[in-house]
Amino acid sequence: MNNSKNVLRYMFGSGAISNLSTILNNIESDSEYVIYYIDEYFKNSSVLDFLPIKNIDEIFFVQTQSEPETSNIDHFRDILISKNKNKPKAIIAIGGGCTLDTGKAIANLLTNSGNAEDYQGWDLVKNPGIYKIGIPTISGTGAEASRTCVMINPKNGLKLGMNSDFTIYDQLILDPNLTKSVPRNQYFYTGMDTYLHCIESLNGSYRNSIGDAFSHQAISLCREVFLSDDDMMSDKNREKLMVASYLGGCAIANSFVGIVHPFSAGLSVVLGTHHCVGNCITMNAMEEFYPQEFKEFILMGKKQGIEIPQGIAMDLDESFYKKLYDSTIIHEKPLSNALGANFKNILTYEKVKEIFKKM
Ligand code: NAD
Ligand code: ZN
């Protein structure tokens, strides 16, 4: 039975980011400096003016062109060691899933020996990480609340995080003002990640009542946002989606995803497709497995006027389909959650190829 942990503290509301300095002052530590990981989008943004940055602090801008790789995390750790800045008072990550996951992974790696790839898996992290504060700037992945930090290891094609209670943020600042500038398509793709996590887990066999309750509430908020007659990015709707994302992240701690995420991970590892758009591309081929949700997903996209890329895996060389099959079918936990222990009898090579061709 799961002994579940959630984020210790969160502060929610428009303008909440202005409380960062108070939060930092309340942390007891022998160190004075903090390390910031900030989505590169904010490099020249006025958001930086709200941060209590001091000369002794270090700021790193995180690229989001490609999703975090284990070697990026090792590299960030090595820079901190070379600067003798590897025992900060706190790590603060400000951005989307890529940046939030980067902050989590580095906080763990600074207090645990070895490299990031050594901790890809379940409960491998031995020591608590550095105190960490997450400040999401886009809603949907639930990375702010979950106990993992997804990383790709190109050496073995593994896309897997450090699933550990130590990976959970100590403090969140949930400020819906920060999501105003997200491009509309991206807002939809990332927001849908919450919806998909929750419908996948509610359709699975590995369930528990608390996880289900988080999922139901997150889905209901997603419906309010994406089927809303108001703009999906209105002040009220951005607030709702931020709550949905947080609840969706809490739900993942108590559940597994299903079929969409393994296929999306295949796209990501083999074709470099980003997680959230990859989920939406996959969902277009999921009518057979999730008929009701498929209909609702199409309706939400239409209502918001969102384009989902099509045809990206329609006409590939056989070698690509083999790689796509391998990197999809490797995700045994979610696939058996959705289809049972004999999922490989349903998802044969031909079947998997047929599904990818529909994308
Ligand atoms: P992201 O970090 O990939 O960013 C997506 C894009 O949005 C980037 O171009 C970024 O610069 C931009 N952006 C972010 N905030 C913005 C803002 N306020 N204004 C303008 N642009 C903004 O975003 P994501 O979709 O949240 O994260 C995807 C990542 O999250 C993937 O790496 C995925 O594997 C990971 N993920 C993690 C978990 C988890 O539990 N840890 C769960 C699901 C996904
Ligand atoms: Zn996801």
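Indexing begins at 1, ligand by ligand and atom by atom, following the structure's order.
- In this structure, the ring of Tyr246 has its center less than 6.0 angstrom from the ring center of Tyr10.
- Look at Lys351 and Glu354 and you find a salt bridge, because one of the NZ, NE, NH1 or NH2 atoms lies within 4.0 Å of a carboxylate O, short of that distance.
- Selection from Leu178, Val150, Thr179 by nearest heavy atom to atom 18 (N) of ligand 1 gives Leu178.
- For a threshold of 3.5 Å applied to N or O pairs, the pair formed by Asp39 and ligand 1 contains at least one separation below that value.
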Can you give me every donor-acceptor pair (side chain of residues 15-25, partner residue at least two apart or in another chain, under 3.5 Å) with its distance?
| residue | atom | partner | partner atom | Å |
| --- | --- | --- | --- | --- |
| Ser18 | OG | Gly15 | O | 2.8 |
| Asn19 | ND2 | Ala16 | O | 3.1 |
| Asn25 | ND2 | Ser21 | O | 3.3 |

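- Taking the ring centre of Tyr321 as origin, the terminal cationic atom of Lys353 falls inside the region bounded by 6.0 Å and 45° from the ring axis.
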Next item on the list: In sequence, state the C-alpha distance, the side-chain angles, and the governing distance for Lys155 and Glu117, and then conclude on salt bridge (Lys or Arg N to Asp or Glu O under 4.0 Å).
Entry: CA-CA 10 Å; Lys155 278 193 293 187; Glu117 64 181 11; 3.2 Å; yes
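- Lys159 and Glu67 are joined by a salt bridge, as a carboxylate oxygen and a charged side-chain nitrogen come within less than 4.0 angstrom of each other.
- Screening residues 119-136 for salt bridge (Lys or Arg N to Asp or Glu O under 4.0 Å) gives Asp123-Arg147 as the qualifying pairs, with residues at least two apart or on separate chains.
- Between Gly140 and ligand 1 there is no heavy-atom distance shorter than 4.0 Å.
- Taking each of Gln186, Gln65, Met151, Glu144 in turn, the one with a heavy atom nearest to atom 7 (O) of ligand 1 proves to be Gln186.
- Nearest to atom 19 (N) of ligand 1 among the protein's heavy atoms is Ser181 OG, 2.7 Å.
- Distances shorter than 4.0 angstrom do not occur between any heavy atom of Tyr189 and any atom of ligand 1.
- Of the listed residues (Gly248, Pro68, Gly97), the one carrying the non-hydrogen atom nearest atom 26 (O) of ligand 1 is Gly97.
- A cation-pi arrangement is present between Lys323 and Phe320, with the terminal nitrogen or guanidinium carbon under 6.0 Å from the aromatic centre and inside a 45° cone about the axis.
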Check: Can you list the steps and then say if Asp39 with Gln63 is a side chain to side chain donor-acceptor pair (under 3.5 Å)?
Finding: CA-CA 6 Å; Asp39 187 318; Gln63 66 81 30; over 6 Å; no
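- Taking only nitrogen or oxygen atoms, main chain and side chain alike, Thr137 reaches within less than 3.5 Å of ligand 1.
- Of the polar atoms of His274, none of the N or O atoms is found under 3.5 Å from an N or O of ligand 1, judged by distance alone.
- For atom 25 (O) of ligand 1, the closest heavy atom belonging to the protein is Thr190 OG1, 2.8 Å.
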Next item on the list: Run the numbers on Leu124 and Met162 for side-chain contact (heavy atoms from CB on, under 4.5 Å), then give the verdict.
Entry: CA-CA 7 Å; Leu124 302 173; Met162 302 176 177; over 6 Å; no
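- There is no side-chain donor-acceptor pair under 3.5 Å between Asn279 and His274.
- Inclusion of Cys98 in the set of residues having an N or O under 3.5 Å from an N or O of ligand 1 is warranted.
- Of the polar atoms of Asp101, at least one N or O is found under 3.5 Å from an N or O of ligand 1, judged by distance alone.
- Looking at atom 40 (O) of ligand 1, its nearest protein heavy atom turns out to be Ser146 OG, 2.5 Å.
- Of the N and O atoms on the side chains of Glu144 and Ser245, at least one donor lies less than 3.5 Å from an acceptor on the other residue.
- Looking at residues two or more places apart in sequence or on another chain, you find no salt bridge (charged side-chain N to carboxylate O under 4.0 Å, His left out) involving Lys5.
- Scanning the protein heavy atoms around atom 28 (C) of ligand 1, the nearest turns out to be Thr141 CG2, 3.9 Å.
- A salt bridge links Asp229 to Lys303: at least one charged side-chain nitrogen sits closer than 4.0 Å to a carboxylate oxygen.
- Annotation: atom 8 (C) of ligand 1 to nearest protein heavy atom, Thr64 OG1, 3.2 Å.
- Residues Phe226 and Phe188 place their aromatic rings such that the two centres sit under 6.0 Å apart.
- At a heavy-atom cutoff of 4.0 Å, ligand 1 is contacted by the side chain of Cys276 but not by its backbone.
- Of all the atoms in ligand 1, the ones that sit under 4.0 Å from a non-hydrogen atom of Val182 are 16 (C), 17 (C), 18 (N), 19 (N), 20 (C).
- Shortest contact from atom 32 (O) of ligand 1 to any protein heavy atom: Glu67 CD, 3.4 Å.
- One N or O on the side chain of Asn237 and one on the backbone of Asp231 form a donor-acceptor pair closer than 3.5 Å.
- Around the Zn ion (ligand 2), the protein atoms of type N, O or S that sit closer than 2.8 Å are Asp193 OD1, Asp193 OD2, His197 NE2, His261 NE2, His275 NE2.
- The atoms of ligand 1 that sit less than 4.0 Å from any heavy atom of Asp193 are 43 (C), 44 (C).
- Close approach of ligand 1 to Phe42 (heavy-atom distance below 4.0 Å) involves ligand atoms 17 (C), 18 (N).
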